[in-house]
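In what follows, a structure is listed as structure tokens, so that the remarks can point back to it.
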Number of protein chains: 2
Amino acid sequence: MTTITTRPIETAAHDRLYRTLRLQIMHGEIMPGQPMTLRGLGKQFGVSMTPAREALRRLVAEGALMLSSSGRVTTPELSNERIEELAALRALIEPELAARALPRAHLALIDRLSAINTANAEAVAKQDAVAYIRTNLEFHRTLYLRAQAPAMLAVIETVWLQLGPTMRALYTKLRRNEPPRHHRMILAALRAGDEPSLRLAVRTDVTQGLRHLAG
Amino acid sequence: MTTITTRPIETAAHDRLYRTLRLQIMHGEIMPGQPMTLRGLGKQFGVSMTPAREALRRLVAEGALMLSSSGRVTTPELSNERIEELAALRALIEPELAARALPRAHLALIDRLSAINTANAEAVAKQDAVAYIRTNLEFHRTLYLRAQAPAMLAVIETVWLQLGPTMRALYTKLRRNEPPRHHRMILAALRAGDEPSLRLAVRTDVTQGLRHLAG
DNA sequence: GGGCGCAATTTGTGATCACATGGGCGCATG
DNA sequence: CATGCGCCCATGTGATCACAAATTGCGCCC
């Protein structure tokens with residue numbers, strides 16, 4: 001609903017395929033371990049193997065997909081150690097992004113974050129895991145976009161990408177029936193302009209969901 | 001009908017090309033803004049456009065190369081803001097990696113780090129910028145390999161990759177005539193098992209070189 | 001002499017083909 | 001009936017071709 005201004009860009013075939021798969025992976029719509037073939041993807045999207053190969057290689061380069069020894073491409077099944085690492089990366093980088101966004105966080109931004117948060121609550125009520133993940137990431141990305149730090153944002157998005165398939169498994173397993181209470185703490189810290197509590201709120205929000213799996 | 005019978009041991013062509021270019025970029029052997037063409041690279045490495053395209057797309061996905069609007073691939077010329085961002089990422093992640101490596105840092109590792117450090121000093125004496133960058137990164141990577149954190153290491157290597165071309169320009173401009181004194185502080189903190197000073201030493205070592213450019 | 005437009009060449013994109021390889025499945029044999 | 005072996009198909013890899021767009025350079029006109 002709150003989509004960004006969609007530009008009528010003529011997108012290259014491999015790029016459309018890349019973005020489609022990327023969103024599917026990040027939102028947890030693809031199960032871990034699921035194999036993907038070049039010809040299968042090409043046929044599915046009406047293109048030849050070449051764009052499919054480029055899209056897949058790109059996703060492999062970002063860590064979203066795993067390349068087996070024989071060249072087979074599958075969504076990775078993350079070990080607990082890897083999940084812990086990725087969670088640590090989130091805990092390191094996201095508070096920094098939030099802190100950098102804080103001076104630029106005006107009231108309009110906070111309102112938009114609140115709106116995303118209510119959409120998130122609706123996803124929780126509907127037990128819709130994909131919508132939950134999507135709105136949750138949208139909440140964070142909307143905040144971090146204000147940080148004016150594209151390199152950091154790109155790094156953290158690749159981390160989200162790697163966590164996508166397991167986040168789905170995680171959130172369906174946890175049977176969450178409450179919206180993330182830390183999001184309200186984030187909003188409160190933003191309104192108060194309190195950087196230390198903002199950093200803390202972001203850090204705990206990021207780690208609280210993921211630490212359950214490693215334990 | 002290839003020309004010669006394939007060798008019994010061979011790595012995939014696109015992978016060799018990728019690794020070669022990746023090292024060249026990370027070590028600063030390629031000037032920023034330099035354009036690279038698919039057919040040119042293919043001819044240079046004796047392969048067709050297909051492997052060259054894959055290698056370049058992979059490097060673009062990692063942020064090592066920039067894809068212009070028309071599809072041309074060049075090494076990016078980083079703005080000062082982007083350099084500051086990447087330096088901040090190094091300052092965030094590398095102390096964490098060092099701290100995780102600390103409990104596993106035995107004497108043999110410290111000896112190897114010292115050896116790399118002397119090689120680094122030799123590169124400084126010879127005014128060899130590429131050797132300087134290479135040994136400097138080797139110092140850090142050797143330490144971080146002990147952290148047993150492959151995801152974090154992969155992230156920080158992509159950061160190094162993005163900084164490669166500008167590091168070259170930076171270090172030739174600064175005309176460094178001294179080896180990094182913070183490396184000795186890192187070694188001392190490792191020997192003492194002192195995590196706080198290790199984190200501090202790594203952070204200052206990482207930021208000291210790069211803050212000059214942004215200032 | 002300089003600016004502008006057109007053409008030729010360069011270059012990326014996508015499709016198709018040939019080939020090697022690995023995996024899966026069935027069949028034969030102990 | 002179980003196990004191993006071999007064949008066939010699916011799949012990734014790399015090369016080549018056709019095409020469109022962009023870039024470059026040359027010549028023409030003012």
Side-chain angles (χ1 to χ4, degrees), chain A residues 7-22 24-25 30-77 165, chain B residues 1-22 24-25 30-77 165:
Chain A
R7 311 178 199 173
I9 308 176
E10 69 293 346
T11 76
H14 67 89
D15 205 55
R16 283 189 301 110
L17 217 162
Y18 161 77
R19 278 202 287 267
T20 303
L21 291 176
R22 179 188 158 98
Q24 285 184 359
I25 295 171
I30 297 183
M31 280 293 150
Q34 186 169 333
M36 317 182 74
T37 67
L38 296 183
R39 289 174 179 82
L41 249 67
K43 194 145 291 185
Q44 181 179 344
F45 283 81
V47 294
S48 83
M49 302 176 358
T50 314
R53 183 172 4 177
E54 286 197 34
L56 255 53
R57 295 310 266 241
R58 208 167 150 189
L59 290 165
V60 168
E62 295 182 12
L65 296 174
M66 205 187 55
L67 191 67
S68 89
S69 58
S70 67
R72 305 287 287 269
V73 169
T74 62
T75 71
E77 315 188 48
Chain B
M1 298 298 180
T2 52
T3 55
I4 319 174
T5 54
T6 55
R7 298 294 301 271
I9 303 175
E10 76 224 39
T11 66
H14 67 89
D15 205 56
R16 284 189 301 109
L17 217 162
Y18 162 77
R19 278 202 289 267
T20 304
L21 290 176
R22 179 189 159 97
Q24 285 184 359
I25 295 171
I30 296 183
M31 281 294 150
Q34 184 169 334
M36 316 182 75
T37 67
L38 296 182
R39 289 173 179 84
L41 248 66
K43 195 144 289 186
Q44 181 179 345
F45 283 81
V47 294
S48 83
M49 302 177 357
T50 314
R53 181 168 11 173
E54 286 198 33
L56 254 54
R57 296 308 266 240
R58 208 167 149 189
L59 290 165
V60 168
E62 295 182 12
L65 295 175
M66 206 187 56
L67 191 66
S68 89
S69 58
S70 68
R72 306 286 288 267
V73 168
T74 61
T75 70
E77 315 189 47

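In the text below, chain A, chain B and the rest are named by the order of the sequence lines, each starting its count at 1.
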Quiz item: Going through the checks in order, is the side-chain contact (heavy atoms from CB on, under 4.5 Å) test met by B:L56 and B:L21?
Solution: CA-CA 9 Å; B:L56 254 54; B:L21 290 176; 3.7 Å; yes

Self-check item: Heavy-atom protein contacts under 4.0 Å, nucleotides 9-15 of chain C, coded B base, S sugar-phosphate only, - none
Solution: --BBBBB

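- Counting only distance, with no hydrogens or angles, the side chain of B:T74 and the backbone of B:P76 share no donor-acceptor pair below 3.5 Å.
- Remark: side-chain polar atoms of A:S68 are paired, donor with acceptor, to backbone N or O of A:R72 under 3.5 angstrom.
- For the helix from C:dG1-D:dC30 to C:dG30-D:dC1, the rotation axes defined at the first and last 5 base pairs enclose an angle of 10°, given to the nearest 10°.
- A donor-acceptor contact shorter than 3.5 Å links the side chain of A:T75 to the backbone of A:M31.
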Quiz item: Would B:V60 and B:M66 count as a side-chain contact (heavy atoms from CB on, under 4.5 Å) if you check the C-alpha gap in whole Å, the side-chain angles of each, and the deciding distance to 0.1 Å?
Solution: CA-CA 6 Å; B:V60 168; B:M66 206 187 56; over 6 Å; no

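- Checked by atom type, the side-chain pair A:R53/A:H14 shows no donor-acceptor distance below 3.5 Å.
- A salt bridge links B:R58 with B:D15: at least one charged nitrogen is closer than 4.0 Å to a carboxylate oxygen.
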